[in-house]
Amino acid sequence: MLFTPYRLGPLTLPNRIVMPPMTRSRAAAGNVATPLMAKYYAQRASAGLIVSEGTQISPQGQGYAWTPGIHDDAQVAGWRGVTDAVHAAGGRIFAQLWHVGRVSHVDLQPNGAAPVSSSALQAEGVKVFVDVAGAGPQGGVGEMVQHSMPRALDTSEIPQIVRDYALAARRAIDAGFDGVELHGANGYLINQFIDSQANQRTDGYGGSLQNRLRFLREVAEAVAAEVGADRLGVRLAPLTTLQGAVDDTPQATYLAAAHILDSIGVAYLHIAEADWEDAPVMPVAFKEALRMIYRGTLVYAGKYTVERAEEALAKGWADLIGFGRPFIANPDLPARLQQGLELNAPDKATFFGGAEAGFTDYPSAETIEA
């Protein structure tokens, strides 16, 4: 495996920090990664691992304006500029492979088609970012709108989406990524098959727990066969209910998912903990059970503090810890956490779209001292 605990160095936080995927909506025309994106990621190469922002595996997989893809040659070339910059700065970077499923809008879908999902269910109040005016990412002006009503995928369509994941993984490796991460969390397509309240199918992809996990298994197996299980991570969100994806028995469901992924031999599981106010706390017993069932590297993310991260590492629940939003405003976050330095505050108004402001212009601690 690329990521096994014995290769991660001493039990100290700085060399165990992951930069998780964070959508920034700054891709160019054709959803191509840009030199500005290369600068952004290279600035943050001191992370033990960077996972790229969600990157759609096909035009159908897009759910927000100005997000990058990995399904054509121009997109591969754009990402090559990013991976070269990260590697030159001494970093490692995985591409997060993304199909949003129902969390999209007809304005973003090829030929204005309805988004697809496991079932024809709309998640009320779940919004997507659309470039209504057609101004492009430089303007940074879009609108959040209710996602469109999806249609249920026909069983005959599913093998092609599985192939789309595998081909996207191959393209990511061709683009210089060190590996790929499947986005199986946050209410997107894989999650829409897994969670019982988002999946009302009565065929081989719905009903029983093993049927609901079938799509995840088939995608993970296809990607592992294409690029190697040691280049594959999977992100899961066992207790979150983001974007309308709710499971009736989440602990049983996700321990079963972990068992499947362990049998495939994926390099790591990236566990997204609920991080909103008054969110449910992930039970220690669940974390301990996950450690027993899954033998690879475990990454946890979700509003971690240094103290919580050190506890998770010391107690063996986690091998790596993701710090998401702090990385936006602190390109040198590992050094800042190690030295106990004050963190820059992020400008939320520049999270999505725009140019350098709020993207590549945050200073490092060394710059401030100079």
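For reference, positions follow the sequence shown, starting with 1.
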Please check if any side-chain donor atom of [X] sits under 3.5 Å from a side-chain acceptor atom of [Y], or the reverse.
X	Y	result
Thr23	Glu53	no
Glu181	Tyr268	yes
Gln56	His71	no
Gln109	Ser104	yes
His183	Asn191	no

Verify the cluster assignment for [X] and [Y]: are they in a single hydrophobic cluster under the rule of side-chain heavy atoms below 4.5 Å apart?
X	Y	answer
Val246	Leu189	no
Val306	Ile328	yes
Leu167	Trp79	no

(message) Just checking Trp66 against Phe129, ring centres under 6.0 Å apart?
(response)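 Judged by ring-centre distance (under 6.0 Å), Trp66 and Phe129 do meet the cut-off.
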(message) Please tell me whether Phe286 and Trp317 form a close aromatic pair, meaning their ring centres lie under 6.0 Å apart.
(response)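 Aromatic pair excluded; centres sit 6.0 Å or further apart.
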(message) Please determine whether the number of non-hydrogen atoms from other residues, nucleotides or ligands lying under 6.0 Å from atom CD of Glu342 exceeds 12.
(response)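 No, not enclosed.
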(message) So if I apply the side chain to side chain donor-acceptor pair (under 3.5 Å) rule between Tyr304 and each of Glu310, Glu273, Glu311, which one comes out positive?
(response)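 Exactly one option meets the side chain to side chain donor-acceptor pair (under 3.5 Å) with Tyr304, and it is Glu273.
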Can a donor-acceptor pair be found, under 3.5 Å and without considering hydrogens, that links the side chain of [X] to the backbone of [Y]?
X	Y	value
Gln96	Pro21	no
Ser117	Ala120	no
Glu143	Val145	no
Ser148	Ala114	no

(request) Can you label the angle between the Tyr40 ring and the Phe359 ring as parallel, tilted or perpendicular, going by 30° and 60°? (result)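 Parallel.
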(message) Show the nearest heavy-atom pair for residues Thr253 and Leu213, with the distance to one decimal.
(response)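 Closest approach of Thr253 to Leu213: O-CD1, 4.2 Å.
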(message) Looking at Glu226 and Arg171, is any side-chain nitrogen of the basic one under 4.0 Å from a carboxylate oxygen of the acidic one?
(response)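 Salt bridge flag = no for Glu226 with Arg171.
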(request) Salt-bridge test for Asp247 and Arg212: reply yes if a basic N is under 4.0 Å from a carboxylate O, no otherwise. (result)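 So Asp247 pairs with Arg212 through a salt bridge.
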(request) Using the ring of Phe323 (Phe, Tyr or Trp, six-membered ring only), decide whether Lys303 places NZ or CZ under 6.0 Å from its centre and within 45 degrees of its axis. (result)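 Geometry flag: not set, cation outside 6.0 Å or 45°.
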